[in-house]
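As structure tokens, the structure follows; a few thoughts come after it.
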Amino acid sequence: MRAKRVSESLNVMNELVLPNDTNTFGNLMGGRLMYWMDIAAAYCASKHCNAPVVTASVDNISFKNPIKLGHYVHIEAYVTRAFNSSMEIYLRVRGEDTLHQFTYDSNEAYLTFVALDPNDKPRSVPEVIVETEEEQKRYDGALRRRQLRLILAGKMKPNEATELKALFAE
Ligand SMILES: CC(=O)SCCNC(=O)CCNC(=O)[C@H](O)C(C)(C)COP(=O)(O)OP(=O)(O)OC[C@H]1O[C@@H](n2cnc3c(N)ncnc32)[C@H](O)[C@@H]1OP(=O)(O)O
């Protein structure tokens, strides 16, 4: 299976915040944003492995800055690392006020997707080729984040998380 560059599946999704997307403060609802993030990340994961994917987990999402009614939402999604059948996708969300010409950070998150074969069983995915310093940094951290989320999901014993433990020992 051919390893693929991060840039080959990079996805930028743009949306306009309309009245039906907002709460009573005129801000984009968190649930609507998470829905868009899931779609943006799923596209990226599916493009990396050229197979159907399902969302296995969503890491912590903190809403730093609200996105206002009438502003644009830009969701950038790229694969940080692929394991056996799973891929970690990083998302960066920004808001844009096109009238006053400024952009701002809204939030960021890591989502994990699993590729499925025609029998809906996990199947292997291509490795990731990193090309930039930022991609390398996120690639390096992916193993620790995977261990933490598998521990929290009850799928890994803490004493098996070698790289994660090493972080606390440093
Ligand atoms: C795009 C969408 O919104 S899809 C809709 C929402 N998502 C879903 O409905 C998915 C429902 N869940 C499932 O189908 C299954 O639990 C799966 C496919 C995610 C995992 O299936 P399992 O039978 O548990 O498979 P298994 O234990 O062999 O793990 C397969 C991979 O999933 C990973 N995985 C399993 N659970 C998690 C989790 N909670 N967090 C992160 N990764 C996980 C494993 O680490 C493994 O990765 P690897 O092959 O790279 O080592």
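The structure displayed is predicted, hence computed values, not measured ones. Whatever order the structure lists ligands and atoms in, that order sets their numbers, starting from 1.
- Sorted by first and then second residue, the ring pair (Phe, Tyr, Trp, His ring centres under 6.0 Å) pairs with a member in residues 48-96 read H71-Y104, Y78-Y90, Y90-Y110; sequence neighbours excluded.
- Judged by distance alone, the side chains of N11 and K47 never bring a donor and an acceptor atom under 3.5 Å apart.
- Inspection of the T112 and E88 side chains reveals no N or O donor paired with an N or O acceptor under 3.5 Å.
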Could you tabulate the donor-acceptor pairs under 3.5 Å formed by side-chain atoms of residues 35-42, not counting sequence neighbours?
residue	atom	partner	partner atom	Å
D38	OD1	T55	OG1	2.8

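- For ligand 1, the 4.0 Å heavy-atom shell contains residues D38, V54, T55, A56, S57, F83, N84, S85, S86, T112, V114, P122, R146, R149, L150, A153, K155.
- Under a hydrophobic-cluster definition in which Ile, Leu, Val, Met, Phe, Trp and Tyr are linked whenever side-chain heavy atoms come within less than 4.5 Å, directly or via other members, V93 and V12 are assigned to different clusters.
- Under the rule for a side-chain contact (heavy atoms from CB on, under 4.5 Å), the partners of T132 that lie at least two apart in sequence or sit in another chain are E134, E135.
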